[in-house]
Amino acid sequence: MNETKKLIQQITEGIQDKKGKKIVIADLSKIGDTICNYLVICQGNSPSQVTAIVESVKEFTRKGANSKPFAIDGLRNAEWVAMDYSDILVHVFLPETREFYNLEHLWADAKLTQIPDID
């Protein structure tokens with residue numbers, strides 16, 4: 001498994017560990033002039049859950065892929081937190097904020113993979 005796929009796996013496990021929902025992986029690698037190759041999009045039900053998901057992703061990627069984000073933005077109000085792993089951008093939303101920005105629709109030409117929720 002290459003490093004990017006391993007990192008995506010660790011990010012996904014970190015999200016699932018804190019019961020993050022509606023995980024979508026957008027593969028942008030075949031699209032020209034993008035700032036990254038993959039988007040991982042998910043949601044939490046409250047600002048505290050969004051923050052917990054972000055902390056879990058940081059922990060899982062540090063331990064499982066020896067990687068940490070270059071930057072994290074949005075933790076102050078925790079409605080939409082973006083985590084920059086260079087080739088991978090992780091977006092953790094509140095449901096209403098996710099619906100408003102609708103990143104999946106913006107990147108509809110990307111290959112979208114939905115990860116089933118763990119209940």
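FYI, the numbering just counts along the sequence from 1. Both backbone and side-chain heavy atoms feed into the values below; hydrogens, waters and symmetry mates do not.
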So do Ile11 and Tyr85 actually touch side chain to side chain, heavy atoms under 4.5 Å? yes
Looking at every non-hydrogen atom in both residues, tell me the closest pair between Phe70 and Ser86 and how far apart they are. CE1-CB, 3.3 Å
Consider only side-chain heavy atoms of I, L, V, M, F, W and Y, link residues closer than 4.5 Å, and tell whether Trp80 and Leu106 are in one cluster. yes
Kindly check if the number of other-residue, nucleotide or ligand heavy atoms within 6.0 Å of NZ (Lys21) is above 12? yes
Out of curiosity, does Tyr101 fall in the hydrophobic cluster containing Leu75 (side-chain heavy atoms, cut-off under 4.5 Å, transitive links)? no
Ion pair Lys58/Glu55, N-O distance below 4.0 Å: yes
Which is it for Trp107 and Thr34 under the side chain to side chain contact (heavy atoms under 4.5 Å, CB included) test, yes or no, and what are the steps along the way? CA-CA 10 Å; Trp107 293 102; Thr34 58; 3.7 Å; yes
Side chain to side chain contact (heavy atoms under 4.5 Å, CB included) between Thr113 and Lys111, worked out: CA-CA 7 Å; Thr113 305; Lys111 179 179 180 261; 3.9 Å; yes
Given Arg98, which of Val92, Val24, Leu103 fulfils the side-chain contact (heavy atoms from CB on, under 4.5 Å) condition? Val24
Mark yes when over 12 heavy atoms from residues, nucleotides or ligands other than Asn66 sit less than 6.0 Å from its CG; otherwise mark no. no
Please answer: with hydrophobic residues joined when any side-chain heavy atoms are less than 4.5 Å apart, are Leu94 and Ile72 in the same cluster? yes
For the backbone of Gly64 and the side chain of Lys6, can you confirm whether one donor and one acceptor N or O come within less than 3.5 Å of each other? yes
So Gln9 and Phe60, do their side chains get closer than 4.5 Å, heavy atoms only? no
Other residues, nucleotides and ligands only: do more than 12 of their heavy atoms fall within 6.0 Å of CG on Asp73? no
Looking only at heavy atoms, what is the nearest atom pair of Lys18 and Ser56, with distance? CG-CB, 3.4 Å
Is there a side-chain contact between Thr4 and Asn37, using heavy atoms and a 4.5 Å cut-off? no
Residues Thr51 and Ala78: closest non-hydrogen pair is OG1-CB, 3.6 Å
Looking at Lys22, is its backbone amide N or carbonyl O close enough to the side chain of Asp117 to form a donor-acceptor pair, meaning the two atoms are under 3.5 Å apart? yes
Are any non-hydrogen side-chain atoms of Thr12 and Ile8 less than 4.5 angstrom apart? yes
Using a 4.5 Å cut-off on heavy atoms from C-beta on, say whether the side chain of Pro47 contacts that of Asn77. no
Verify the cluster assignment for Tyr38 and Val57: are they in a single hydrophobic cluster under the rule of side-chain heavy atoms below 4.5 Å apart? yes
Nearest heavy-atom approach of Gly74 to Val81 is O-CG2, 3.5 Å
Over all atoms of both residues, closest heavy-atom pair of Pro95 and Gly44: CD-O, 3.1 Å
For Thr97 and Phe93, indicate whether the former's side chain and the latter's backbone hold a donor-acceptor pair under 3.5 Å. no
Applying the side-chain contact (heavy atoms from CB on, under 4.5 Å) test to Cys36, which of Val90, Ile88, Asp87, Leu28 qualifies? Leu28
Side chain to side chain contact (heavy atoms under 4.5 Å, CB included) for Gln16 and Ile115? Distances and angles first, verdict last. CA-CA 10 Å; Gln16 291 172 328; Ile115 307 297; 3.4 Å; yes
So with a 6.0 Å cut-off around CD of Glu96, is the heavy-atom count from everything else above 12? yes
Is there a side chain to side chain contact (heavy atoms under 4.5 Å, CB included) between Ile15 and Val40? Walk through the geometry before answering. CA-CA 10 Å; Ile15 294 166; Val40 179; 3.8 Å; yes
Interatomic spacing from NE2 in His91 to CD in Gln43 - rounded to 0.5 Å: 14.0 Å
Smallest separation among heavy atoms of Met83 and Val54, with atom names: CE-O, 3.6 Å
